[in-house]
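To start, the structure itself, in structure tokens.
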2 protein chains.
Amino acid sequence: MVSIKDIAKKAGVSISTVSYALNGSNKVTDETSSKILAIAKELNYVPNAAARTLKKRESKILGVFLTDFSGDVYGDLLSGMKTVCNAQGYDLIVCSGEQSHRMLPERMIDGAVILDHTFASKELLQYADRGHKIVVLDRELDHPNINQVLLDNKAGATLAMEHLIEQGHTKIYVVTGPEGSFDSAQRMKAVRQVTEREANVEWIEIEGDFEKSGGEQAAELIIRDYTEPVAVFCLNDEMAIGLCNRLAETDLQIGRDVDVIGFDNIELSKYVQPRLVTIDYSKRKWGSLAAEQLIKIIAGEPVDHERIYVTLVEGGSVRSQVQQETRLPNRHERAVSY
Amino acid sequence: MVSIKDIAKKAGVSISTVSYALNGSNKVTDETSSKILAIAKELNYVPNAAARTLKKRESKILGVFLTDFSGDVYGDLLSGMKTVCNAQGYDLIVCSGEQSHRMLPERMIDGAVILDHTFASKELLQYADRGHKIVVLDRELDHPNINQVLLDNKAGATLAMEHLIEQGHTKIYVVTGPEGSFDSAQRMKAVRQVTEREANVEWIEIEGDFEKSGGEQAAELIIRDYTEPVAVFCLNDEMAIGLCNRLAETDLQIGRDVDVIGFDNIELSKYVQPRLVTIDYSKRKWGSLAAEQLIKIIAGEPVDHERIYVTLVEGGSVRSQVQQETRLPNRHERAVSY
DNA sequence: TTGTAAGCGTTATCAC
DNA sequence: GTGATAACGCTTACAA
């Protein structure tokens, strides 16, 4: 391995002069500098990241932590993050799994974006207490070293529920996310709020897991108890699609017998038949905002919590108003976007 | 930041004793050891990765490099890789973009898996020459420090072409990947080989890009020149789906007027109507094999290049044999899997 | 069993 | 402008 020591020896100068030249300091003559640079190139010199990180106490690398690599949500999110990071001189690495938690406390990375419920909030607060900088995308956490960039779950779930109610539905199944999911809890809160205002709306909670299989299981229940047209609000698209798949094997028709609405607008939801009604938001913006916030708190700049706005995407999985037999009175039209 | 020095001071021992205790060496008394461990815990000691990496000249981190984060192929691939890495005491990070190329030469990671054509082969060979360990998934490269784990592109493309020919097709469009793509080139080679054997099969090459948009553009050409039923072999599913989308806007019906076959069996291809015929392979296995090979070459163990086998997945996007009017004589049935 | 000390490859503070 | 030199936090001969 070739180090600045080797360059110094070959150039007949001291290592400090080499370091200065390599870092473009103006304390060194152009002549010496270019000679050093030439030798460095000749020797294929590459700086050692560990040594630099050790000395400078920063790695210029940011990490984003995901529960798993398979989510359909992540492409644009990561893309947006990377763009911002690179523009600001940071590198971005994507990590997943318990093992990689160490990256932050061991100072391999300068900060972390968390979209991974396997991180306990307690753990994150501990890191923050030790001075590590964090942006959370999947929970609320109050700490000077932690910033939040959250989806407007409440608006999204409200949009979804009101859309179904406007179609005249009075029986609505709600398929939740896994226990402990912040997004699920937030969305459920909005569901409760909406239904409290609507005396004639009955809603039934079905426990899900944010995976296709959860949607399939929910479908079983719905099929079993089916007597009249119902609506289902799946708290994410993945489950909505699982539910639709299972329903497609029966005589129950989506958008007629069972209206379905999801959340996330993943790419797949464009392709299922009929097109899934869902809640959309800019994943790219979510990512870029998260990265921006993280870099700001690392730089010691003050930041406020941010919110990602959502809209409703229409589709065939909810029957249109013109087809409906009954329509609730006194319901005014609502703007589709919050 | 609390270091072993702080622990040593508080425990009234030397830093080397602390180091030994922390690393579970049996050179130190149980008594001293447990005292040190207790103090370490009390002080919230976390080792510094940079220091350890600098000293040990290894980071126990492996990197996988992707062209972008959005591909649908990657979920299982990364999952498989991570499982193997973690089982072997390595951490896995996912990187993308020119900036992160430095991770390998700067020794931030102990090795790299490459599925990213933005790495020049020359660059990789240079790294390998300097002793860095690499596994390539997207090219052939001969170097003692480089191992290949490649898809059996040739078998896949042959399977696809023969499937179409068996349906009686004599005019086949082939939509390629982007210039310089290894997978595309390999698949094209097989296409040529198959068609050379089949005198009565005409094939037309359309330049694509492995993106949906490429498939849409190819559709334009096909629509424009359409006179009789044809087949299209898109060299990946992404393009096949783009093509189907565009075709769906016309009177041309997939699986009747235009038979379509893709490559990769991405999740989406299950959901398009009709189900896309495609070439499948285990992405998880691809990933785990790549990780295994990388860890082996890092350990100095000898390895051979590996190949990932493929199979054909049937679906509605190619009309079934029973519906066809003409059938080529003398064609024997072929095994679907190679 | 424990301590001393050298060294990993940098950066940065001083002198000169 | 350039050069010693200390320091970053850790591991590991070697000495005691």
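Numbers restart at 1 for each chain; the letters A, B, ... are given by sequence-line order, proteins then strands. Hydrogens, waters and symmetry mates are skipped; everything else that's a heavy atom, side chains included, is used.
- In the 5' to 3' direction, nucleotides of DNA chain D lying under 4.0 Å from heavy atoms of chain B begin and end at D:dC8 to D:dC14.
- With A:Y281 as the aromatic partner, A:K283 meets the cation-pi criteria of under 6.0 angstrom to the ring centre and within 45 degrees of the ring axis.
- Distance B:Y20 OH to C:dG3 C1': 10 Å, rounded to the nearest Å.
- One interatomic measurement links the two molecules: NZ of A:K55 to C1' of C:dT11, which rounds to 5 Å at whole-angstrom precision.
- The separation between A:I7 atom CD1 and C:dT11 atom P is 11 Å, rounded to whole Å.
- With B:M81 as reference, B:L92 is the one residue of B:L62, B:D76, B:L92, B:V135 to meet the side chain to side chain contact (heavy atoms under 4.5 Å, CB included) rule.
- A:V46 comes within 4.0 angstrom of the backbone, heavy atoms only, and of no base.
- Under the side chain to side chain contact (heavy atoms under 4.5 Å, CB included) criterion, A:E306 pairs with A:V149, A:L289, A:Q293, sequence neighbours left out.
- Side chain of A:Q99 to backbone of B:N86: a donor-acceptor contact under 3.5 angstrom is found.
- The side chain to side chain contact (heavy atoms under 4.5 Å, CB included) with A:V113 is formed by just one residue from the set A:L137, A:L66, A:N147; it is A:L137.
- One interatomic measurement links the two molecules: NZ of A:K5 to P of C:dA6, which rounds to 13 Å at whole-angstrom precision.
- C:dT10 atom P lies 16 Å from atom CD of A:E58, rounded to whole Å.
- Less than 6.0 angstrom separates the ring centroid of B:F119 from the ring centroid of B:H101.
- Residue B:T17 has a polar side-chain atom (N or O) positioned under 4.0 Å from OP1 or OP2 of C:dG3.
- Side-chain N/O atoms of A:R57 include none lying less than 4.0 angstrom from OP1 or OP2 on C:dT11.
- When heavy atoms are screened at a 4.0 angstrom cut-off, A:T32 is found touching the sugar-phosphate backbone but no base atom.
- Rounded to an integer number of Å, the gap from CD1 of A:I15 to P of C:dA12 is 13 Å.
- Put simply, B:S14 has a side-chain N or O that comes within less than 4.0 Å of OP1 or OP2 on C:dG3.
- Look at CG on B:N48: it is 18 Å from P on C:dC8, rounded to the nearest Å.
- In this structure, B:S16 reaches the bases: a heavy-atom distance under 4.0 Å links it to at least one base atom across the strands shown.
- Comparing A:K27 and B:S19, the nucleotide of DNA chain D nearest to each residue sits closer to the 5' end for A:K27.
- In the set C:dC8, C:dT2, C:dT10, C:dT2 carries the atom at the smallest distance from any side-chain atom of B:V28.
- With no hydrogens or angles considered, a side-chain donor-acceptor pair links B:T118 and B:D116 at under 3.5 Å.
- Each of A:N23 and B:V13 was assigned the nucleotide of DNA chain C with the nearest heavy atom; the assignment lying further toward the 5' end belongs to B:V13.
- The interatomic distance linking B:K35 (NZ) with C:dT2 (C1') rounds to 12 Å, in whole Å.
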